[in-house]
Amino acid sequence: MALQDVCKWQSPDTQGPSPHLPRAGGWAVPRGCDPQTFLQIHGPRLAHGTTTLAFRFRHGVIAAADTRSSCGSYVACPASCKVIPVHQHLLGTTSGTSADCATWYRVLQRELRLRELREGQLPSVASAAKLLSAMMSRYRGLDLCVATALCGWDRSGPMLFYVYSDGTRLQGDIFSVGSGSPYAYGVLDRGYRYDMSTQEAYALARCAVAHATHRDAYSGGSVDLFHVRESGWEQVSRSDACVLYMELQKLLEPEPEEDASHAHPEPATAHRAAEERELSVGPGEMTPGDSRMPAGTETV
């Protein structure tokens, strides 16, 4: 007996809209228009920004990000999560259009799961970065905006890759993406060391994101901190960015100076000391600090 008769199952309508992504060049634009030119002219002009960072050290990979999702001058969500887990040993930071980032991470999760079922093991971080780069490069020029840092631990140890929607793929030790990245790079370049301890790495990541949220108008909310270890990733903390910045400022405040009356003598005391010195020296003698010529010396 047919499956349709037993389970009352109907085959899906193949003529309806497909749940999968369209093929490259298959976007609905007016005839005779180049897709890239059409999107540049008629596409939305919405400014968006964020601050995400990731760095690799001897105890794993640290990923941190703010939680403010902005759309122009409008804060769409003050508590969004910009660090998305892919599987137990891989996660990524997201910067760009929120819908594009969420969509492509779901696609990446699906493809990595299928490859794990076929091969019996999870692909390496480098393979995941190469796969994501190859998939997004087919949509180059179609206003896709995804900038991510893939953080993971595989058989080679802690690994970090930067992937952009135009197909760019870079491997490195430090990456910061978003409108607040110049401020975050300033803190990271000053305090980063590969052999730092775990607590030093946590403090460095929090400090970098907190300073970036203070200077960048499009970043704010809270600071999410994740750590990828050999055993898997874990979320370390979520701290309020404003409170964290104020705590850091208190730690950097100098100690109060000593009383000025103890550091410098009073003018009257200094004047009396000068008078006593002049009385102790005879009228025809010169002191080492006196540059005046004696009265009995003739000038030429």
Side-chain angles (χ1 to χ4, degrees), residues 47-57 60-71 75-86 89-106 108-109 125 129 132 145-152 158-165 170 172-189 191-192 198 201-229 232-245 248:
H48 48 81
T50 184
T51 300
T52 64
L53 62 87
F55 59 86
R56 187 172 67 101
F57 71 121
V61 185
I62 297 295
D66 73 308
T67 61
R68 175 179 293 177
S69 293
S70 57
C71 183
V75 178
C77 180
S80 62
C81 185
K82 299 180 182 179
V83 182
I84 300 179
V86 180
H89 293 83
L90 181 65
L91 50 81
T93 64
T94 58
S95 177
T97 306
S98 299
D100 292 341
C101 294
T103 299
W104 281 104
Y105 264 97
R106 285 199 298 267
L108 180 63
Q109 290 172 353
V125 181
L132 181 61
C145 185
V146 178
T148 179
L150 286 174
C151 318
M159 302 294 291
L160 178 60
F161 283 87
Y162 167 76
V163 180
Y164 188 59
S165 50
L170 302 173
D173 292 332
I174 304 176
F175 289 114
S176 182
V177 189
S179 56
S181 60
Y183 311 106
Y185 268 127
V187 178
L188 291 173
D189 290 340
Y192 171 78
T198 301
Y202 291 169
L204 178 62
R206 291 192 185 103
C207 182
V209 179
H211 278 78
T213 57
H214 181 71
R215 295 296 181 184
D216 180 37
Y218 296 107
S219 303
S222 302
V223 179
D224 281 340
L225 182 62
F226 287 77
H227 186 186
V228 183
R229 305 174 182 268
W233 64 266
E234 63 172 339
Q235 183 173 5
V236 179
S237 65
R238 168 173 281 197
S239 308
D240 185 89
C242 183
V243 175
L244 185 59
Y245 180 79
L248 293 173

Exercise for the section: Please tell me if the side chains of Val61 and Trp233 come closer than 4.5 Å, counting only heavy atoms from C-beta onward. Expected result: no
Problem - Contact check, side chains of His214 and Leu248, non-hydrogen atoms, under 4.5 Å - result: no
Handout entry: Check: Ser176 main-chain N/O paired with Tyr185 side-chain donor or acceptor under 3.5 Å
Key = yes
Practice task
State the CD1-CD1 distance between Ile174 and Ile62, to the nearest 0.5 angstrom.
Solution key: 12.5 Å
Handout entry: Test item: Tyr245 side-chain N/O and Asp240 main-chain N/O as donor-acceptor pair under 3.5 Å
Key = no
Practice task
For Asp66 and Thr51, test the side chains for any donor-to-acceptor distance below 3.5 angstrom and give the result as yes or no.
Solution key: no
Handout entry: For Thr67, all residues meeting side-chain contact (heavy atoms from CB on, under 4.5 Å), sequence neighbours excluded
Key = Ser222, Asp224, Arg238
Practice task
For residues Ser80 and Cys77, report the shortest heavy-atom separation together with the two atoms involved.
Solution key: N-SG, 3.6 Å
Practice task
May I ask you to decide if Thr148's main-chain N or O and Thr93's side chain share a donor-acceptor pair within less than 3.5 Å?
Solution key: no
Exercise for the section: Check Asp216 against Ser219 and note the closest heavy-atom contact, atom names and distance. Expected result: OD2-OG, 2.6 Å
Handout entry: 4.5 Å side-chain heavy-atom contact, Arg68 and Thr213
Key = no
Problem - Test side-chain contact (heavy atoms from CB on, under 4.5 Å) applied to Phe161 and Leu170, Val125, Leu132, the passing residue - result: Val125
Exercise for the section: Of all the heavy-atom pairs spanning Ala65 and Thr52, show the shortest one and how long it is. Expected result: CB-CG2, 3.6 Å
Handout entry: Residue pair Leu91 / Pro85: nearest heavy atoms and the distance that separates them
Key = CB-CA, 3.8 Å
Exercise for the section: Would you give the length of the straight line joining atom CZ of Phe175 to atom SG of Cys151, rounded to the nearest 0.5 angstrom? Expected result: 10.0 Å
Handout entry: Donor-acceptor pair between His227 and Tyr202 side chains, under 3.5 angstrom
Key = yes
Fill in the blank from the handout: Here the gap from Leu90 atom CG to Gln109 atom CD, rounded to the nearest 0.5 Å, amounts to 9.5 Å
Exercise for the section: Using a 4.5 Å cut-off on heavy atoms from C-beta on, say whether the side chain of Leu188 contacts that of Leu204. Expected result: yes
Problem - Considering all heavy atoms, the nearest Ser239-Arg206 contact - result: OG-NE, 4.2 Å
Practice task
Not counting sequence neighbours, which residues clear side-chain contact (heavy atoms from CB on, under 4.5 Å) with Thr94? List them please.
Solution key: Lys82, Ile84, Cys101, Tyr105
Handout entry: Shortest non-hydrogen separation from Ser70 to Tyr218 and the atoms involved
Key = OG-CD2, 3.6 Å
